[in-house]
Colleague: 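Structure provided below as structure tokens; questions to follow.
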Amino acid sequence: MFNFSEQINRKGSYCTQWDYVEDRFGEADLLPFTISDMDFAAPPAVIEALNSRINHPVFGYSRWNHSDFKNAVTHWFKSRFDAEFNDEHLVYGPSVIYIVSQLIREWSQPNQGVIIHTPAYDAFDKMILGLGRTIVANKLQATDSGYQINWEQFEVQLADPNNSILLLCSPHNPTGRVWTPTELTRMASLCQKHNVAVISDEIHMDVSFKPHTPWQGFNAGERWALVSSASKSFNIPALNGAYAFIAEESTRDNYLFNLKQVDGLSSPSILGVIGLMSAYQKGAPWLDELKAYLYENHHYVQQTLAAQLPSIGYQIPDATYLAWIDLSSLSIDMDKLNQCLIKKHKVAIMQGSTYGEVGKCFVRLNLGCPREKVEKGLMALISAVKELTE
């Protein structure tokens with residue numbers, strides 16, 4: 001029904017991934033598989049809703065705190081995850097990172113520790129350090145059954161009174177791990193035991209190939225927040241806008257005070273609000289087909305790598321359109337690989353070291369694009385690897 005194989009020219013649209021690839025990779029004319037947005041058109045229902053609003057010629061200040069916005073979000077969680085949320089706990093923010101940063105300010109003091117599972121989304125590192133807090137890395141353990149938490153180390157870190165927050169990425173970026181209800185319940189119990197607040201970033205929740213369980217506190221107190229957005233799922237990040245469920249009333253009030261009185265950001269982009277509402281109200285059929293297409297992209301990568309570079313053993317992740325590819329078995333110089341991809345093959349692929357020391361032997365390949373582009377990127381990667389190892 002929806003054509004995800006359509007090639008859309010994004011150049012000249014002020015697109016970060018295509019128009020500004022030189023900023024990170026040093027050359028302009030590269031085929032990019034980099035930041036996590038997709039090359040697909042937004043859902044027709046979203047485009048129709050935006051066009052309808054654009055036809056109204058006045059773009060004045062707007063609001064998010066109304067039943068249409070709140071019902072769209074809570075109904076989405078109920079219909080997709082069978083999760084009931086209190087709409088009084090719902091707040092708006094201009095981005096997920098903005099909301100998370102405000103909550104870190106609220107629930108910690110300078111120099112205190114924020115626990116994250118590594119490898120980690122690189123914006124977490126920048127944000128935590130920028131806020132004057134300390135990164136406390138809980139290194140995920142790679143196993144034949146997927147990435148696992150080092151629970152012994154995790155509890156030691158939680159027990160340290162200087163560590164005040166768990167910043168959970170659920171599903172996890174870049175590994176694509178979906179946490180089970182048992183794991184989430186165990187995290188909640190340990191965090192309550194050691195008086196650690198939980199911020200759960202769930203921006204990748206909708207592109208899950210296994211059942212995703214939203215964070216709802218798990219009967220472990222009110223010092224938690226679930227933060228998300230429609231931006232990743234429906235490829236509308238440029239519209240701006242995110243939201244959070246903040247359980248604790250005093251924290252919620254402080255957040256809203258800062259949003260409006262301090263930062264002057266309580267009036268949202270009307271197109272962002274409409275984009276989210278239309279996506280959550282009418283975008284489910286598009287999303288379901290998208291997930292199937294993305295899974296097949298992962299399957300293609302798995303089959304091709306098994307045939308061409310069998311020692312890699314690539315496994316399809318639980319979630320996300322990001323292929324986290326372990327090249328450690330090849331003992332390859334990752335800097336030389338990166339330069340070969342850029343200089344010879346004219347392809348930009350994110351180096352795993354972007355996500356911390358534990359990712360240094362990995363690459364993260366964005367599969368949120370038509371299969372033809374995936375094929376070009378993967379063939380370039382395979383060719384570059386073979387050139388450096390044979």
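Every value quoted in this text rests on a predicted model; they were computed, and no experiment measured them. The figures that follow rest on heavy atoms only: side chains count, while hydrogens, waters and symmetry mates do not. Quick note: residue numbers are just sequence positions, from 1.
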Colleague: Taking Tyr355 as the fixed residue, which of Trp324, Tyr121, Phe124, Phe362 is the one that meets the ring pair (Phe, Tyr, Trp, His ring centres under 6.0 Å) rule?
Modeller: Trp324
Colleague: Please give the remaining members of the hydrophobic cluster of Phe257, linking ILVMFWY side chains under 4.5 Å, ordered by chain and number.
Modeller: Val262
Colleague: Pairs of donor and acceptor atoms involving the side chains of residues 189-200, under 3.5 Å and at least two apart or interchain, shall be tabulated with distances.
Modeller:
{"residue": "Lys193", "atom": "NZ", "partner": "Glu155", "partner atom": "OE2", "Å": "3.0"}
{"residue": "His194", "atom": "NE2", "partner": "Glu155", "partner atom": "OE2", "Å": "3.2"}
{"residue": "Ser200", "atom": "OG", "partner": "Glu202", "partner atom": "OE2", "Å": "2.7"}

Colleague: Report yes or no: is the cationic atom of Arg105 (NZ for Lys, CZ for Arg) under 6.0 Å from the centre of the six-membered ring of Tyr255, at an angle within 45° of the ring normal?
Modeller: no
Colleague: What's the verdict on ring pair (Phe, Tyr, Trp, His ring centres under 6.0 Å) for Phe245 and Phe77, showing C-alpha distance, side-chain angles and the deciding distance?
Modeller: CA-CA 11 Å; Phe245 292 100; Phe77 276 87; 5.6 Å; yes
Colleague: Which other residues end up in the same hydrophobic cluster as Ile47, if Ile, Leu, Val, Met, Phe, Trp and Tyr are linked when side-chain heavy atoms come under 4.5 Å apart?
Modeller: none
Colleague: So if I apply the ring pair (Phe, Tyr, Trp, His ring centres under 6.0 Å) rule between Tyr293 and each of Phe40, Phe2, Tyr321, which one comes out positive?
Modeller: Phe40
Colleague: Any sub-3.5 Å donor-acceptor pair from Arg252's side-chain atoms to Ala247's backbone N or O?
Modeller: yes
Colleague: Is the distance from the ring center of Phe209 to that of His298 below 6.0 Å?
Modeller: yes
Colleague: What is the distance from atom OG of Ser328 to atom CE of Met334, rounded to the nearest 0.5 Å?
Modeller: 9.5 Å
Colleague: Taking only residues two or more places apart in sequence, or in another chain, which ones meet Glu249 in a salt bridge (Lys or Arg N to Asp or Glu O under 4.0 Å)?
Modeller: none
Colleague: Could you tell me which residues satisfy side-chain hydrogen bond (donor to acceptor under 3.5 Å, both in side chains) with Asp318, sequence neighbours excluded, listed by chain and number?
Modeller: Lys210
Colleague: For the pair Arg371 and Glu375, find out whether any cationic side-chain nitrogen is under 4.0 Å from an anionic carboxylate oxygen.
Modeller: no
Colleague: With sequence neighbours excluded, tell me which residues meet ring-ring contact (aromatic ring centres under 6.0 Å, His included) with Tyr280.
Modeller: Trp76
Colleague: Might you work through the side chain to side chain contact (heavy atoms under 4.5 Å, CB included) test for Lys343 and Glu27, ending with a clear yes or no?
Modeller: CA-CA 9 Å; Lys343 300 294 185 181; Glu27 294 194 14; 2.9 Å; yes
